[in-house]
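To start, the structure itself, in C-alpha cells.
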Amino acid sequence: MGERLLEVKDLCTSFFTYTGEVKAVDHVSYYLDEQEIIAVVGESGCGKSVTQMSVMQIIQSPPGKIVGGEVLYQGKDLLKLSPAEMRKIRGAEIAMIFQEPMTALNPVITVGKQLTEVIRSHSGLSKKEAWKKGVESLEAVGIPDPEARMKNYPFEMSGGMRQRVCIAIAVACNSKMIIADEPTTALDVTTQAQVMELLQELVVKYKKSVLMVTHNLGLVTRYADRIYVMYAGQVIESGTTECLMTAPKHPYTVGLLESVPSLDDDKEKALVPIEGTPPNLANMPETCPFLPRCRYAADKCRNSVKPSLRLVDEKTNHYTACYLDLDEHFGSDPETLGQEAEEAGGQARKSAAGEAGTPAKKSADVKADEQTGKEGVTL
Amino acid sequence: MNSSYSRYIIKRILVSVLVIFIISVFVFLLMHLIPGDPVRTMLGGETDEAVVQAYREKLHLTEPLPVQYWLWLKNALRGDFGTSYALNGQDIGELLWQRFPITMSLAVPCILVSTILGVLLGVLSAIHRGSVFDQIVTVILTAMNGVPIFWIGIVFIWVFGLKLRWFPVMGYTAPWDNFIQYLRTIAMPVTVMSFGPLSAIARQTRTNMLEVISQDYIRTARADGIAESSIKYRHALKNALIPVVTIVGIQFRWLVGGSLFTEQIFTINGIGRTVMLAITSRDYTMIQACTFIISVFVVGVNLLLDILYGWLDPRIRLSSGKGE
Ligand SMILES: Nc1ncnc2c1ncn2[C@@H]1O[C@H](COP(=O)(O)OP(=O)(O)OP(=O)(O)O)[C@@H](O)[C@H]1O
Ligand SMILES: [Mg+2]
C-alpha cells in the first residue's frame with residue numbers, strides 16, 4: 001500500500017425535495033490509499049452512488065447539494081476548487097465508470113470520438129495523437145482490433161465491450177483513481193470476472209487505486225482489501241475484508257453475510273434477506289437507524305442516540321457503529337461463512353500480483369463458484 | 001459505414017418511388033370515384049350531349065381504365081395535366097409550375113425561421129429550466145400554439161398593414177423580380193404561418209433536451225471532465241435533435257396545407273388558392289393535378305427527412321444494411 005490518495009471526511013449530501021431534506025449521505029468518511037482496492041457495500045438506496053457522485057461533484061443540482069465535509073485528494077480539498085479546476089480532476093485524476101454500460105456511452109458518437117474528446121480535454125494532444133492514444137488504451141483494456149473498434153458506435157458493441165471502453169477512458173488519461181459504481185452488475189458472470197480481472201490488472205500494472213461499489217459479496221471477498229458497509233446514508237462498519245467477513249460486529253453486516261447462500265447449499269437456509277426496510281432518509285430517527293430491523297436490539301440501543309463509529313481493532317482497521325459486542329450473540333452461521341470467505345478472499349490478489357497470465361484459471365474458478373451459487377449473489 | 005448509408009438512401013428512394021406510384025393510382029381513380037358523371041358535374045346539367053361527349057373523348061374517358069391510367073400517368077410525368085376548365089383552358093402544368101414555387105417561397109423561409117428559432121428557444125429554456133426566461137417562453141409558445149391562423153392573420157393585416165402601414169396587406173412579388181419587395185410581401189404571412197411550427201418545434205426541443213440531459217451518457221461525459229459547453233451543444237443536442245426532425249417534417253407538410261388559409265387571407269396566388277379555386281369550381285382535372293403535385297411533394301419531404309434521420313442517427317443508418 002502506498003500513500004493516502006483520497007480522504008473523505010464527514011461528507012454530507014442532501015436532496016432538497018418538496019417532502020423535505022433527504023439526507024442521502026450523512027457524515028460519511030473513508031479513505032483510499034494508492035494501489036488499494038476498497039469496496040462500498042449496502043442495500044439499494046443507502047447512498048453509495050450519491051457518495052461517489054458527490055466526490056466527483058456530478059450531483060444533479062437542484063435538488064442535490066453537498067452540504068458539508070471535505071474531499072481531500074492528495075491533500076487538497078476538491079470541494080474548494082472552482083468548477084473549471086474540478087473539471088480537470090474528473091476523468092484525468094479520478095475516473096468513474098458506471099453500472100449500465102449499455103447507456104453509459106453516447107449513442108450517436110463513435111467510440112473513437114468519445115475517447116479522443118476525453119483525451120483532448122485533458123491534454124494538449126493533436127487529434128491524430130489523441131487518436132493514437134485512444135487506440136492504445138483500447139488495446140490496453142483487451143479490446144481486439146482496436147483500430148476498427150474506434151470507428152464503431154456503442155450500439156455495435158456488447159455490454160462487456162462497452163464497459164471495457166469506459167475503462168479505457170479511465171486508462172487513457174492516466175487517472176490515478178477509478179471509482180467503479182457497480183461496474184459488473186449488468187453483465188453476465190463470465191464477463192463480470194473479466195472486467196474485475198481487468199480492474200485488478202490496472203491496480204497491479206498501472207498502480208491505480210479502485211473504489212468499487214457493489215452488491216456482490218462474492219466479488220468483494222475476492223478483490224477488495226477493505227470494505228465500507230453503508231446503511232441509510234452512513235458508514236456503519238468498516239475494516240479489512242478479512243476481519244469484516246470473519247468477525248463482523250454490526251448486526252447489519254451480519255445480516256448481509258447471512259443473505260449470501262453458503263457453500264453446502266441446503267435449500268432451507270439458502271438466502272436470508274434482512275427483514276424490514278431502511279428508514280426514510282427525509283425523516284431519520286434519533287436512535288440507531290438499524291434499530292427497527294435489528295435482531296439483537298437491547299435496551300441501551302432504544303434509549304441512546306445513534307451510535308457513532310468506534311474502533312474495534314486497530315490492526316484490522318475495524319470500526320463499527322454499534323453499542324453491542326456481537327461476539328456474545330453470534331450464532332454459528334456467519335462464522336462458517338466467514339471462513340469460506342477468508343479462503344476465497346485475498347488470495348486472488350496475491351497471485352495476480354505475483355504471476356501474470358492467470359485469468360483463464362480464475363474465470364474457471366468463477367464458473368465453479370457460479371455452480372455452487374456463491375458468485376452472483378445480490379443483496 | 002458509407003456504403004451502408006448509401007444503401008439506406010437507395011432503399012428510401014425506391015420506397016418513395018413505389019409510394020408515388022400508388023398515390024398516382026388513387027389520384028387517377030379520383031375522377032372515377034366521384035358519384036355521377038364527372039364531365040357532366042363539371043360542365044353543368046344543361047350542357048349539350050355532343051359537347052359532353054367531346055369533353056369525354058378529350059379526357060380519354062371513353063378508353064378502358066388501364067389505358068386511361070397509362071395515358072394520364074405518361075402525361076403527368078411530363079408535367080402535362082391537361083387544361084383547366086375553371087381558368088378558361090389554361091394549361092394546368094404551366095399554371096402549377098408558376099404557382100407551386102410561390103407557395104414554397106413562403107413555406108421554406110417559414111420552416112427555416114421556425115426551426116432555427118424553435119431549436120434555439122427550446123435549448124435555451126431547457127438549459128435554464130425553471131428560470132424566468134423559461135417561464136415567459138413557455139407562456140408565449142403555448143399562446144402561439146393556441147391562436148387560430150385566420151384570426152392572427154386578420155389582426156396582423158389590421159395592425160401592421162392598415163394601421164401602421166409597415167407591410168403590404170395583399171399581393172406577392174417574386175424574389176427574382178425584386179428581392180426587397182419579396183421580403184416585404186412575405187413578412188406578414190411568414191410570421192403568421194410560423195406561429196404553429198415555431199411553437200411545436202420549440203416545445204419538442206425543450207422536452208427532448210431535458211430528457212437527454214438526464215441520460216446516463218451525459219453523466220458519463222460530466223464524469224469524464226468534458227467541458228460543459230460540449231456536453232450541452234454536442235453530446236446532448238445531437239441526441240435531442242433526432243426527434244425534432246420528425247416535428248419539422250410534420251410542420252412543413254402542415255404549412256402546405258395551411259397555405260389554403262394564408263394565401264386566401266393575404267391574397268397570394270400560390271398552390272393553396274389554386275386548390276381552393278379548383279374545389280369551388282369543381283375543376284376535377286385541376287384537383288387531380290394539385291393533389292398529385294402535393295402528394296409528390298410530401299413524399300419528397302419524407303424522403304429528405306429519412307435521409308436526414310439516417311445522417312443524425314447511426315442506429316438507423318447502420319442497421320439498414322443488416323435488414324430491419
Ligand atoms: N435526484 C434525487 N432526488 C431526491 N432524492 C434522491 C435523488 N437521487 C438520489 N436520492 C436519494 O438518495 C438515496 C441514495 O441513492 P443512491 O443512488 O446513492 O443509492 P445506492 O446506494 O447507490 O443504491 P443502488 O444500490 O440502488 O444503486 C436514495 O434513497 C434516494 O432517496
Ligand atoms: Mg447506485
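Residue numbers begin at 1 in each chain, while the letters A, B, ... track the order of the sequences.
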Point to revise | Top contributor to chain B interface from A/I97, A/V118, A/V108, A/I179 [non-hydrogen pairs under 4.5 Å] | key: A/V108
Practice item. Verify, without hydrogens or angle tests, whether A/R90 (side chain) and B/A223 (backbone) share a donor-acceptor contact under 3.5 angstrom. Key: no
Exercise for review: Measure the spacing between CZ of B/R219 and CE of A/M96 and express it to the nearest 0.5 Å.
Suggested key: 6.5 Å
**Study point:** Minimal non-hydrogen separation, A/A104 against B/T220, with atom names
**Key:** O-OG1, 2.7 Å
Check your understanding: Under 6.0 Å from the CZ atom of B/R129, do we count more than 12 heavy atoms belonging to anything else shown?
Key -> no
Practice item. For residues A/F155 and B/P314, report the shortest heavy-atom separation together with the two atoms involved. Key: CZ-O, 3.6 Å
Review point. SG of A/C166 to CG of B/D224: how many Å apart, nearest 0.5 Å?
Key: 8.0 Å
Practice item. Specify which of A/A170, A/P107, A/C173, A/A84 makes the most heavy-atom pairs with chain B at under 4.5 Å. Key: A/P107
Point to revise | Spacing of CD belonging to A/Q60 relative to CZ belonging to B/R222, to within rounding of 0.5 Å | key: 7.5 Å
**Study point:** A/N106 and B/K238, any side-chain heavy atoms less than 4.5 Å apart
**Key:** no
**Study point:** Residues, nucleotides or ligands: over 12 heavy atoms within 6.0 Å of B/F261 CZ
**Key:** no
Review point. Does A/F16 CZ have over 12 foreign heavy atoms under 6.0 Å away?
Key: yes
Review point. CZ/A/R120 to CD1/B/I226 distance, rounded to the nearest 0.5 angstrom?
Key: 12.0 Å
Review point. Should the heavy atoms of other residues, nucleotides or ligands under 6.0 Å from NZ of A/K113 be counted, would the total exceed 12?
Key: no
**Study point:** Toward chain B, the part of A/M86 with a non-hydrogen atom under 4.5 Å
**Key:** neither
Review point. Where on B/L312 is there a heavy atom nearer than 4.5 Å to chain A: the side chain, the backbone, both, or neither?
Key: backbone
Check your understanding: Could you state the interatomic distance from NE2 (B/H235) to CD (A/E117), rounded to the nearest 0.5 Å?
Key -> 3.5 Å
**Study point:** Pair B/L318-A/Y153, side chain to side chain contact (heavy atoms under 4.5 Å, CB included): steps then yes or no
**Key:** CA-CA 10 Å; B/L318 296 181; A/Y153 287 91; 3.6 Å; yes
Review point. CE of A/M102 to CG of B/D216: how many Å apart, nearest 0.5 Å?
Key: 12.0 Å
